[in-house]
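If you're wondering where the values come from, they're calculated on a predicted model, not measured in any experiment.
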Amino acid sequence: MPVYHDLSTGKEGITEFFFLNLLLKARADTGNETSKDFVPELEGIVENDRKFEDDVNVYIAAALNSVMEPTAIELRRTLEIPLHHEIGIDIPKSATRSAKYLAYKVNADAMLLHLGLFKPEGIPFDAFLDTGTTYYAAAAGYRQEIDGGRSPIVWTLEKMAIGFNRYVGLLRFMNHKYPELLGLGVKLSSEQINDIETSMNAG
């Protein structure tokens, strides 16, 4: 599991906790505290009866951490499609529910990171905000079919769909305000850096 190195204190820790703490700091700095004004409903998505966002914080921290996880990087290489493609066209009709779930989830996470951290040039940024919402909603739907009901991961994915624009905004704030987010506070090997650049710029 990747670790981070605090250059000011010399302390080390698990990168996922580093990202989680930075996300909570961003929430406080923007007045966007966890669960504040959270509306657990969105047209087209089953009402979400879990009205708290703590699970979302953990999910986003894990998504951030995934840019340094070899398994996650390899999964994106296999399943991620270019931003301007329609994922429904790229998934074979014969694909299993599990395959469809994974494809939508991986691409939803990739879009969250693309729009929140890497600001791809030459694309209509706002147009992809709705796409991110759609991908998380689809992932939630397929996962519900797999689990035979609304499980905790389904609730979390529904919340990611509902608050996609909000969460992209939080990541953009983090990227602009906290220089330690991507590199200054984290020790990465040259191979990890190349993997991140290759994977996240593929679209």
>> When you group the ILVMFWY residues by side-chain heavy-atom contacts below 4.5 Å and let the links chain together, are L22 and Y167 in the same group?
In response: yes

> Is R172 reaching over with its side chain to a backbone N or O of G116, donor-acceptor style, under 3.5 angstrom?
Replying inline: no

>> Hydrophobic cluster membership, with links at side-chain heavy-atom distances under 4.5 Å among I/L/V/M/F/W/Y: are Y136 and L129 in one?
In response: yes

> Checking side chain to side chain donor-acceptor pair (under 3.5 Å) against Y59, which of D54, T156, D109 comes through?
Replying inline: D109

> Is there side-chain contact between D29 and K177, with at least one heavy-atom pair below 4.5 Å?
Replying inline: no

>> Could you report the tightest heavy-atom contact between A26 and F173, atom names first, then the distance?
In response: CB-CD2, 3.9 Å

>> Determine whether a donor-acceptor pair (N or O, by modelled atom type, separation under 3.5 Å) exists between the side chain of N65 and the backbone of A61.
In response: no

> Between I81 and N107, what is the shortest heavy-atom contact and its length?
Replying inline: N-OD1, 2.9 Å

> With a 4.5 Å heavy-atom cut-off, do I153 and D147 have their side chains touching?
Replying inline: yes

>> Just verifying a value: how many Å separate L79 CG and E74 CD, rounded to the nearest 0.5 Å?
In response: 10.0 Å

>> For the CZ atom of F164 and the OG1 atom of T134, what is their distance to the nearest 0.5 Å?
In response: 9.5 Å

>> Could you tell me if the side chain of K105 sits less than 4.5 Å from the side chain of R143, heavy atoms only?
In response: no

> Would Y104 and I91 satisfy side-chain contact (heavy atoms from CB on, under 4.5 Å), going step by step from the backbone distance to the final call?
Replying inline: CA-CA 9 Å; Y104 275 103; I91 300 176; 3.7 Å; yes

>> Show the nearest heavy-atom pair for residues I73 and S66, with the distance to one decimal.
In response: CG1-O, 3.9 Å

>> Is there a side-chain contact between L112 and V168 in this structure, where contact means two heavy atoms from C-beta onward sitting under 4.5 Å apart?
In response: yes

>> Which heavy atom of A161 sits nearest to which heavy atom of A137, and what is that distance?
In response: CB-N, 3.6 Å

>> If you compare all heavy atoms of E53 against all heavy atoms of E33, which two are closest, and at what distance to 0.1 Å?
In response: OE1-O, 4.2 Å

> Between D55 and K159, is a salt bridge (charged side-chain N to carboxylate O under 4.0 Å, His left out) present by the stated rule, with each step listed?
Replying inline: CA-CA 9 Å; D55 55 334; K159 294 175 192 178; 3.0 Å; yes

> What's the verdict on side-chain contact (heavy atoms from CB on, under 4.5 Å) for L171 and L64, showing C-alpha distance, side-chain angles and the deciding distance?
Replying inline: CA-CA 9 Å; L171 292 186; L64 288 167; 4.1 Å; yes

> In Å and rounded to the nearest 0.5 Å, what is the OG1 to CZ distance from T30 to R27?
Replying inline: 7.5 Å

> Could you state the interatomic distance from CZ (R76) to CG (L113), rounded to the nearest 0.5 Å?
Replying inline: 6.5 Å

>> So, using side-chain contact (heavy atoms from CB on, under 4.5 Å) as the criterion, who are the partners of T131 when residues are at least two apart?
In response: M111, F128, Y135

>> Would you say I60 ends up clustered with L20 if hydrophobic residues are merged whenever their side chains have heavy atoms under 4.5 Å apart, either directly or through other cluster members?
In response: no

> For residues 93-103, which residue pairs qualify under salt bridge (charged side-chain N to carboxylate O under 4.0 Å, His left out), counting only residues two or more places apart or in two chains?
Replying inline: R97-E145

